S.K.: 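To start, I am sharing the structure in question, which I have written as structure tokens.
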Amino acid sequence: MAQFWKPGTERPRILDDEEGGVLFYSASPSSSSGFGYASIEKQRQRLPVYKYRTAILYLVETHATTIIVGETGSGKTTQIPQYLKEAGWADGGRVIACTQPRRLAVQTVASRVAEEMDVKLGEEVGYTIRFEDNTNSSLTRIKFLTDGVLLREMMNDPLLSKYSVIMVDEAHERSLSTDILLGLLKKIQRRRPELRLIIASATIEAKSMASFFQPRRRRGLEGDEHGSSTEPAILSVEGRGYNVQIFYVEEAVPDYLRAAVTTVLSIHEQDSMGDILVFLTGQDDIDAAVQLLTEEAQNSKKCSSDALQTSKATIKGALDFYMPFQEKSVCSLRLAEHRLIVLPLYSGLSRADQDLVFLPTPRGKRKVVISTNIAETSLTLEGIVYVVDSGFSKQRFYNPITDIENLVVAPISKASARQRAGRAGRVRPGRCYSCTYILNVLHMLQLPVSLIGGRNRLYTEEYYVNDMSAEGIPEIQRSNLVSCVIQLKALGIDNILGFDWPASPSPEAMIRALEILYSLGVLDDDAKLTSPAGFQVAEIPLITVDSSDGHSMYDVSCHARCDNTDPMISKMILASNQLGCSEEIITIAAILSIQSIWDSVGGSQKKLDEAKMRFAAAEGDHVTFLNVYKGFLQSNKSSKWCHKNFVNYHAMKKVVEIREQLRRVAQQLGIVLKSCESDMQVVRKAVTTGFFAYACHLEAYSHNGMYKTLRSSQEVYIHPSSVLFRKIMKGEC
DNA sequence: GAGCACTGC
């Protein structure tokens, strides 16, 4: 009873998800007629994963852990939980869990599965993300949630006893919380042999994951008392993506940005229609590339012979890079006829600007999206046929010696390169141009030696095959571990150094984290959580954020570039209780946990800086935040007021939300909610109680505003986004 | 004079 589209009638809209998941007609949403359901059923059966239904159920039945490697579009995320339910894994009040690294994925997958099962979302199928629990404890049998939420759930139920099967999806991304979760799940398995784990991922090195889940002392293949094997099973499912032809450069070019731009122009000139996605590293690169391309497009529009000459030269240059092009000749330029629509894409853009990339490309035009890694995993663009890959991304690195996290441009892994290329094959067969570069010398100086290897790498085929690392370095080996350690401690794991990780963090980073927690009074001499402070700090749900405005730390009046870590914020909240300024400190904590409250609409940095100065407080960024929050409340939380003052309205709404959550938790912990009114002295005291580890002093003869940290004499500077930037500091520092 | 991408009771 498949539904067919009849030409002449309105074409049914086909929905597709991040996973490539299930196709169905939105014309018959959760139809109860039976007709729509049948069509969904047919669609489900067409997914690659369907062929493996019996095999998956058999493996889950007989193995404690099953590793499923499935490329994009296999349908594993939406189908496997349903198969499990159909096979009875949710009987007797048990729940099937499926975790995702991102909130959006949790929501979309959950609503898709509810629709396929023809049930109301929030009942039999539900989801939980921070601030949003769309489940019903007596009804929900399939539950989607972020891996962070599942970690939180372990605080109340360390064995996760209500779940019969836990599927950890996108495990190849190796995010911090996924890795912690995997380590803990392995531990739970020993206490709960009946628990089933499914580790699902796209490009994981299945064998290394399997050996992680291998029990330490092999019991042999005869199985345990539950009749299941403790050896992990591995199953591979093919994807549904189209073939993507890969092109490598023949040899290096000195400038990957220019190479990317000329490659786009040559695709535009020589290849059939279809949108282009370019991967660069960050805002600076992207803005520069957008400008270059826009100029080229405009030049060709004018059709002046000079401009054409330039374009021709550039394109000719680009063609030389690629073998497949060498036979071809540059006949004519069609830039004037088929104009390019060039769009930037990165998280710092306003929502409205981001949404532009999703607009359908007008007939006869070609869209070029120039993006950061955001388009690699977090969002999916339809209609992309060509991908240009610079081979670089910005990655976070943590130096435990200086306790400073850095963002550096580094070569991507093979797994990343494959993922990027796959973005071209979603609608029809595509092409990926692996761009080329010579490592910028300045970048090289910041890079860990291990990433560089013996010589400058170029993204030729040879480089890809021989030199590119198979997978990226897991986040846990690149991060400050303070919040991770406290989470494990709160779950009663005392021997942190002996914890079994999918990838072990460096001992230096671990020791640094323990040291900081000890100095905060959160851990005692035996490295156990102190009571009550330690347990209270662990209870407060705060996130670790990257440094940018205000996420930096300062010694009351010196604002240096450092990262906030949640136990420090939590400690600050606890301290505010005695100091009688909990209302103010909770506001500050809420603002510290979001990216930025500022909004540079239209990219006018100068106007934003001016607006900032209207709120600026001599005490520094934290007190400045209080001023902004006060203004927001006085305006009656008006979006107009925000716009006028270059404040991000959506960010402020989120601050209000987080603030409410923090107030609830604080009250549960016995903190009295009290305002200190205008006494900023106590606010500053509370801030320093949490962040004293980052205290620094202005160098006596410093002419360039250099500070040194008290702890390790690390050189630090006030961040340019701080209201204290370029202010002359005197006295107390 | 500067902000890869995510995320939590």
Side-chain angles (χ1 to χ4, degrees), chain A residues 99-106 128-133 145-156 170 173-181 279-287 345-349 371-379 390 392-397 405-410 412 416 419 472 475 478-479 483-484 486-487 490 536 538-552 561 563 566 569-570 593-596 598-600 603 605-606 608-609 654 657-658 660-669 704-705 717-722 725-726:
Chain A
T99 74
Q100 297 287 323
R102 278 171 290 280
R103 293 159 51 104
L104 189 67
V106 169
T128 308
I129 55 180
R130 192 187 191 190
F131 301 127
E132 218 182 316
D133 183 10
L145 66 176
T146 49
D147 33 26
V149 169
L150 192 59
L151 279 176
R152 276 281 152 185
E153 282 189 5
M154 291 178 76
M155 289 210 180
N156 292 322
E170 310 288 355
E173 287 186 25
R174 305 299 300 270
S175 76
L176 200 54
S177 42
T178 308
D179 268 17
I180 300 173
L181 190 62
F279 285 103
L280 294 178
T281 61
Q283 188 177 341
D284 282 350
D285 273 7
I286 290 168
D287 289 345
L345 178 62
Y346 42 84
S347 74
L349 284 176
S371 173
T372 59
N373 253 2
I374 193 168
E376 189 180 305
T377 48
S378 302
L379 49 89
S390 68
F392 271 131
S393 73
K394 276 196 186 171
Q395 291 159 35
R396 193 166 63 192
F397 286 93
E405 282 185 342
N406 262 333
L407 216 50
V408 295
V409 173
I412 60 169
S416 261
Q419 175 79 9
E475 197 180 6
R478 299 185 277 117
S479 306
S483 44
C484 163
I486 198 162
Q487 217 156 15
Q536 287 176 330
E539 202 59 38
I540 301 177
L542 281 165
I543 60 169
T544 307
V545 284
D546 294 333
S547 61
S548 83
D549 55 82
H551 302 146
S552 323
R561 194 179 189 286
D563 286 308
D566 29 344
I569 304 181
S570 305
S593 19
I594 60 162
Q595 293 270 336
S596 173
W598 304 109
D599 195 357
S600 61
Q605 192 56 51
K606 196 163 166 267
L608 169 60
D609 285 346
K654 200 153 186 196
E657 204 174 32
I658 295 173
E660 278 314 306
Q661 188 191 21
L662 290 178
R663 285 182 89 217
R664 274 201 307 275
V665 177
Q667 274 177 311
Q668 282 164 18
L669 295 176
N704 56 355
Y717 297 88
I718 293 181
H719 196 272
S721 63
S722 166
F725 185 69
R726 275 204 291 208

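Since this is a predicted model, take the numbers as computed values, not measurements. Naming convention: chains lettered A, B, ... in sequence-line order (proteins, then strands); numbering from 1 in each chain.
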S.K.: Would you classify Ser175(A) as touching base, sugar-phosphate or nothing, given that sugar-phosphate means primed atoms plus P, OP1 and OP2, and contacts are heavy atoms under 4.0 Å?
M.R.: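 No contact.
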S.K.: In whole Å, I'd like the distance from the NZ atom of Lys606(A) to the C1' atom of dG1(B).
M.R.: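 So the NZ-C1' distance, Lys606(A) to dG1(B), works out to 14 Å.
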S.K.: Measuring from atom CG of Leu608(A) to atom OG of Ser721(A), what distance do you get when rounded to the nearest 0.5 angstrom?
M.R.: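 Taking CG in Leu608(A) and OG in Ser721(A), the distance rounds to 9.5 Å.
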S.K.: Tell me every residue that passes salt bridge (charged side-chain N to carboxylate O under 4.0 Å, His left out) with Arg103(A), counting only those two or more places apart in sequence or in another chain.
M.R.: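 Once residues adjacent in sequence are excluded, Arg103(A) has no partner under the salt bridge (charged side-chain N to carboxylate O under 4.0 Å, His left out) criterion.
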S.K.: How far apart are the closest heavy atoms of Lys394(A) and Thr281(A), and which atoms are they?
M.R.: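 Result for this residue pair: CG-O, 3.8 Å.
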S.K.: Checking all strands, does Ile374(A) fall into the base, sugar-phosphate, or nothing category for heavy-atom contacts under 4.0 angstrom?
M.R.: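 Sugar-phosphate: the residue Ile374(A), judged by heavy atoms under 4.0 Å, touches backbone atoms but no base.
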S.K.: Which whole-number value in Å describes the distance from Glu376(A) CD to dA5(B) P?
M.R.: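 After rounding, the gap between these two atoms is 12 Å.
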S.K.: Looking at every strand, decide which applies to Arg103(A) at a 4.0 Å heavy-atom threshold: base, sugar-phosphate, or nothing.
M.R.: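 It contacts sugar-phosphate atoms only.
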S.K.: Base, sugar-phosphate, or nothing: which does Gln487(A) touch, judged by heavy atoms less than 4.0 Å apart?
M.R.: base
S.K.: Taking any heavy-atom pair under 4.0 Å as a contact, classify Thr146(A): base, sugar-phosphate, or nothing.
M.R.: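 Sugar-phosphate, backbone atoms only, no base.
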S.K.: If you assign each of Leu150(A) and Arg478(A) to its closest nucleotide in DNA chain B, which residue comes earlier from the 5' end?
M.R.: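 The residue mapped nearer the 5' terminus is Arg478(A).
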S.K.: Starting at atom CH2 of Trp598(A), determine the distance to atom P of dA2(B), rounded to an integer number of angstrom.
M.R.: 19 Å
S.K.: Can you measure Asp284(A) atom CG to dG1(B) atom C1' for me and round it to whole angstrom units?
M.R.: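 The answer, rounded to whole Å, is 11 Å.
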S.K.: Could you tell me the separation between the OH atom of Tyr717(A) and the C1' atom of dA2(B), rounded to a whole number of Å?
M.R.: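 My rounded result for the distance is 16 Å.
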S.K.: What is the minimum heavy-atom distance between Leu669(A) and Gln536(A), and which atoms define it?
M.R.: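 For Leu669(A) versus Gln536(A), the nearest heavy atoms are O-NE2, 3.3 Å.
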S.K.: Taking any heavy-atom pair under 4.0 Å as a contact, classify Glu173(A): base, sugar-phosphate, or nothing.
M.R.: nothing
S.K.: Phe725(A) has a side chain; which of dA2(B), dG1(B), dC9(B) sits nearest to it?
M.R.: dG1(B)
S.K.: Compare the minimum distances between each of dC9(B), dC4(B), dT7(B) and the side chain of Arg102(A), then state the nucleotide with the smallest one.
M.R.: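 The nucleotide sitting nearest to the side chain is dT7(B).
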S.K.: Which part of the nucleic acid, if any, lies within contact of Thr372(A), taking any heavy atom under 4.0 Å across all strands shown: a base, the sugar-phosphate backbone alone, or nothing?
M.R.: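 Since only primed, P, OP1 and OP2 atoms lie under 4.0 Å of Thr372(A), the category is sugar-phosphate.
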S.K.: Taking any heavy-atom pair under 4.0 Å as a contact, classify Asp609(A): base, sugar-phosphate, or nothing.
M.R.: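 Answer is base: heavy atoms of Asp609(A) come under 4.0 Å of a base.
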S.K.: Rounded off to whole Å, could you give me the CD-to-P distance for the Glu657(A) and dT7(B) pair?
M.R.: 13 Å
S.K.: Find the distance Ile286(A):CD1 to dG3(B):P and express it as a whole number of Å.
M.R.: 14 Å
S.K.: Assign Val665(A) to base, sugar-phosphate, or nothing according to its heavy-atom contacts below 4.0 angstrom with the strands shown.
M.R.: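 No contact at all - Val665(A) keeps every heavy atom at 4.0 Å or more from the nucleic acid.
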S.K.: Hey, is the side chain of Ser596(A) poking within less than 4.0 Å of OP1 or OP2 on dG3(B), counting only N and O atoms?
M.R.: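 Answer is no, no contact under 4.0 Å.
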S.K.: Looking at the side chain of Pro720(A), which of dC9(B), dA2(B), dA5(B) is the nearest nucleotide?
M.R.: dA2(B)
S.K.: Check the distance between dA5(B)'s P and Asp285(A)'s CG and give it to me in whole angstrom.
M.R.: 12 Å
S.K.: Please enumerate all residues that pass salt bridge (charged side-chain N to carboxylate O under 4.0 Å, His left out) together with Glu660(A), with sequence neighbours excluded.
M.R.: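 Testing Glu660(A) for salt bridge (charged side-chain N to carboxylate O under 4.0 Å, His left out), a comparison that skips the adjacent residues, returns Arg663(A).
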S.K.: Grab the two heavy atoms, one from Ala490(A) and one from Met155(A), that are nearest each other, plus how far apart they are.
M.R.: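 Closest approach of Ala490(A) to Met155(A): CB-CE, 3.9 Å.
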